[in-house]
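Contents: one structure, followed by commentary.
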2 protein chains.
Amino acid sequence: MSVTIKDVAKLANVAPSTVSRVIANSPRISERTKKRVREAMEYLGYHPNFNARSLANKNTQAIGLVMPSSADKAFQNPFFPEVIRGISTKAHEKNFAIYMSTGQTEQEIYDGVVAMIHGRRVDGILLLYSRVGDRIISLLQEKKFPFSVIGKPSKGAEQITHVDNDNFKAGMEATDYLIQLGHERIAFVGGSLDLVVTIDRMLGYKKALGDADILYRDDYIVQEEFLKEGGREAIMGLMSLQTPPTALIVTDDLMSFGIMGSIDEMGLSVPEDISIVSFNNLMLGEFAKPPLTSIDIDIFKLGYQAAGCLLDQIENSDQEAKRVIVPHKLIKRQTCQRL
Amino acid sequence: MSVTIKDVAKLANVAPSTVSRVIANSPRISERTKKRVREAMEYLGYHPNFNARSLANKNTQAIGLVMPSSADKAFQNPFFPEVIRGISTKAHEKNFAIYMSTGQTEQEIYDGVVAMIHGRRVDGILLLYSRVGDRIISLLQEKKFPFSVIGKPSKGAEQITHVDNDNFKAGMEATDYLIQLGHERIAFVGGSLDLVVTIDRMLGYKKALGDADILYRDDYIVQEEFLKEGGREAIMGLMSLQTPPTALIVTDDLMSFGIMGSIDEMGLSVPEDISIVSFNNLMLGEFAKPPLTSIDIDIFKLGYQAAGCLLDQIENSDQEAKRVIVPHKLIKRQTCQRL
DNA sequence: TTGTACGCGTTATCAC
DNA sequence: GTGATAACGCGTACAA
């Protein structure tokens with residue numbers, strides 16, 4: 001069928017094992033035979049069979065990516081192409097391939113992960129999201145399978161290698177910025193409260209309010225289902241309170257888009273009637289009307305670093321759990337106004 | 001180490017080959033032993049090793065996805081999560097896994113594909129884009145490796161299984177719609193002319209103009225580099241012609257976003273000063289201000305069908321090249337006005 | 001209906 | 001330095 005190590009061995013007049021050593025660039029092979037073998041490989045167009053290799057030495061040179069349920073609205077977020085770009089950049093550097101696992105339901109995804117690790121398809125797994133009570137993390141820990149997560153694990157974060165932004169601090173900064181602009185009636189619009197990132201940012205928001213002696217109000221917290229119809233009503237409810245907020249913290253640029261649409265429909269405008277600080281700084285934000293003030297979380301680096309951590313673990317199995325914080329940065333554009 | 005077919009065999013008091021047959025659900029095994037073997041598998045928590053299986057029967061139950069260069073701006077388009085969602089839905093149905101290949105440069109991607117097919121990592125390959133003069137297609141054809149492409153191949157489309165929209169027709173429809181609204185000065189703003197989809201839509205545009213006896217003008221064609229700075233100037237150039245267009249056909253919603261920003265900066269507004277028909281109908285378009293009139297190309301189905309075609313080819317190697325057209329649909333929102 | 005024996009392409013462990 | 005040889009875990013003729 002296709003050219004194997006044996007064919008190369010025959011042509012180069014050596015044993016298959018020698019060819020294998022040349023591939024691994026073993027130092028105990030003379031330069032002369034190395035050269036001869038390499039020429040033979042070149043001539044025959046030899047490429048190693050990864051499956052055979054995996055079988056023999058129990059590693060795959062591949063990592064598995066776990067995305068949220070594709071039925072999940074979050075899936076549509078340009079966040080994912082961008083993390084994947086970061087991940088694959090690092091993976092490429094180390095000659096690792098990328099496996100993907102998605103499914104329509106939590107269960108499907110879970111099963112996919114099981115298949116990945118038992119089927120020996122990957123050497124490690126990268127979780128691209130973090131939500132509370134995730135069974136996959138427990139599974140991975142139980143099996144002692146190398147993994148790391150993007151975002152902060154909801155439980156036992158100290159024992160889990162993860163890379164994250166300091167979302168608590170980011171939430172504080174966003175809020176502080178608005179406070180400094182003179183706002184006091186600041187509402188918080190977050191995505192699913194299952195997502196750890198939402199929780200952290202909200203905690204930062206509350207802290208900043210407290211530090212500034214601003215009363216925290218429950219009715220200023222909105223959990224909007226990402227770009228959904230329900231979201232519109234939630235915003236309208238918010239704006240028709242007796243004392244509506246003068247500013248919004250929104251945990252995702254895509255949500256901000258939806259919200260700005262709703263605000264527009266109500267005949268209000270940003271930032272004159274209401275200011276917005278958003279998160280994630282997607283490329284799109286720059287082209288919104290008006291351009292979004294947003295906290296850049298360096299999505300690319302999130303992916304790049306997470307892949308790096310995972311590969312470190314794979315190379316060096318008894319590595320301690322590590323936590324990497326990727327710096328964020330407030331990008332001021334035109335959705336905030338001094339009160 | 002981990003539980004193998006032999007362990008199961010021992011526990012169930014059968015030969016390893018019998019276990020193998022049970023896994024394959026061979027009809028020549030009595031229900032009784034099947035049951036016994038399955039119980040043993042369950043009890044031991046057995047999962048087949050994919051690498052061993054691949055080695056033995058020369059298939060991997062995995063397909064490879066090739067995305068454009070991640071340095072490419074197109075990479076950030078929510079188009080990709082959505083096609084992937086379609087692809088992985090179909091892949092899941094047939095129990096196939098998904099392998100990804102990206103790179104910063106064309107060369108890296110090419111090498112990745114070579115590694116995939118020679119390393120026997122996948123049974124087939126799906127190209128998620130189509131640009132002219134792509135070396136990967138030639139490679140795949142030469143190696144007679146199963147593949148299909150999303151979009152229309154630039155050369156020899158008849159011999160290549162692909163799934164696409166009828167972009168020519170879609171281009172015509174977009175143009176006709178504007179013509180019916182009374183527009184005659186219609187410009188065409190496309191992405192890279194390397195992309196076959198851009199070309200097809202432009203051809204449709206020209207045809208529609210011709211059919212309506214409207215003069216085609218070279219200075220009404222803009223090739224904007226997707227959301228880039230240069231794009232802004234291109235639009236400003238367009239709008240400051242002696243006879244500026246009254247309507248725009250834009251080949252991607254993301255571009256439309258950028259363009260609407262530029263138009264806004266110039267103190268003009270959509271649709272009062274200029275109408276826009278866009279393409280792809282990303283979820284975001286609904287939340288633009290004003291909401292985008294856009295041609296929905298059913299990205300999910302594009303992916304779902306393409307995966308289906310590929311899997312058909314893999315199952316049935318001597319299958320003829322097939323072409324699948326996914327229907328599109330004009331979604332009227334608020335970026336077009338009667339003249 | 002089930003078991004035996006071999007091959008898939010590599011790597012690793014001995015020998016020499 | 002290099003060559004046999006035995007795994008790795010599974011599928012499949014062939015035999016029984």
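Numbered from 1 within each chain, the chains take letters A, B, ... in sequence-line order.
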key: Heavy-atom pair with the smallest gap, counting every atom of A:Ala321 and A:Ile160   = CB-N, 3.7 Å
Taking every non-hydrogen atom, the tightest pair across B:Ala306 and B:Ser148 = O-OG, 3.5 Å
query = Nearest-Å distance, CD1 (B:Ile5) to P (C:dC8)?
reply = 19 Å
query = Between A:Tyr99 and B:Tyr99, what is the ring plane arrangement, given parallel below 30°, perpendicular above 60°, and tilted in between?
reply = perpendicular
ask   = At what angle, to 10 degrees, do the two end axes of the helix from C:dT1-D:dA16 to C:dC16-D:dG1 meet, given five pairs define each axis?
value = 40°
query = Do A:Phe80 and B:Ile84 come within less than 4.5 Å of each other through their side chains, counting heavy atoms only?
reply = no
request  = For atom CD of B:Glu108, decide whether the heavy atoms of other residues, nucleotides or ligands shown that lie under 6.0 angstrom number more than 12.
outcome  = yes
ask   = With side chains defined as the heavy atoms from C-beta onward, is the minimum distance between A:Phe79 and A:Ile297 less than 4.5 Å?
value = yes
query = Using a heavy-atom distance cut-off of less than 4.0 Å, which residues of residues 38-54 of chain B contact DNA chain C?
reply = none
task = Could you list the residues that satisfy side chain to side chain contact (heavy atoms under 4.5 Å, CB included) with B:Glu39, not counting sequence neighbours?
result = B:Lys35
note = Nearest-nucleotide check on DNA chain C, B:Thr33 vs B:Asn57; residue mapping nearer the 5' end is B:Thr33
Contact residues, residues 11-32 of chain A to DNA chain C [heavy atom, < 4.0 Å] = A:Ser17, A:Ser20, A:Arg21
key: With sequence neighbours excluded, residues passing side chain to side chain contact (heavy atoms under 4.5 Å, CB included) with B:Ile125   = B:Val66, B:Val113, B:Met116, B:Ile117, B:Val122, B:Leu127, B:Leu140, B:Phe145, B:Phe147
note = Hits for side chain to side chain contact (heavy atoms under 4.5 Å, CB included) against B:Thr102, two or more places apart or cross-chain, chain-then-number order -> A:Ser88, B:Met67, B:Ser70, B:Phe75, B:Met100
message = What is the distance, to the nearest angstrom, from the CG atom on B:Asp7 to the P atom on D:dG9?
response = 9 Å
Whole angstrom value for the distance that separates P of D:dA7 from CG of B:Leu55 = 17 Å
task = Write down the distance between NZ (B:Lys35) and P (C:dT1), rounded to a whole number of angstrom.
result = 18 Å
query = Considering residues, nucleotides and ligands other than B:Lys10, do more than 12 of their heavy atoms fall under 6.0 Å from its NZ?
reply = no
query = In whole angstroms, how far is the P atom of C:dC8 from the NZ atom of A:Lys6?
reply = 6 Å
key: B:Lys58 side chain near C:dG9 phosphate (N/O to OP1/OP2, under 4.0 Å)   = yes
inquiry  = In the structure I gave you, are the side-chain heavy atoms of A:Ile23 and A:Arg53 within less than 4.5 Å of one another anywhere?
reply    = yes
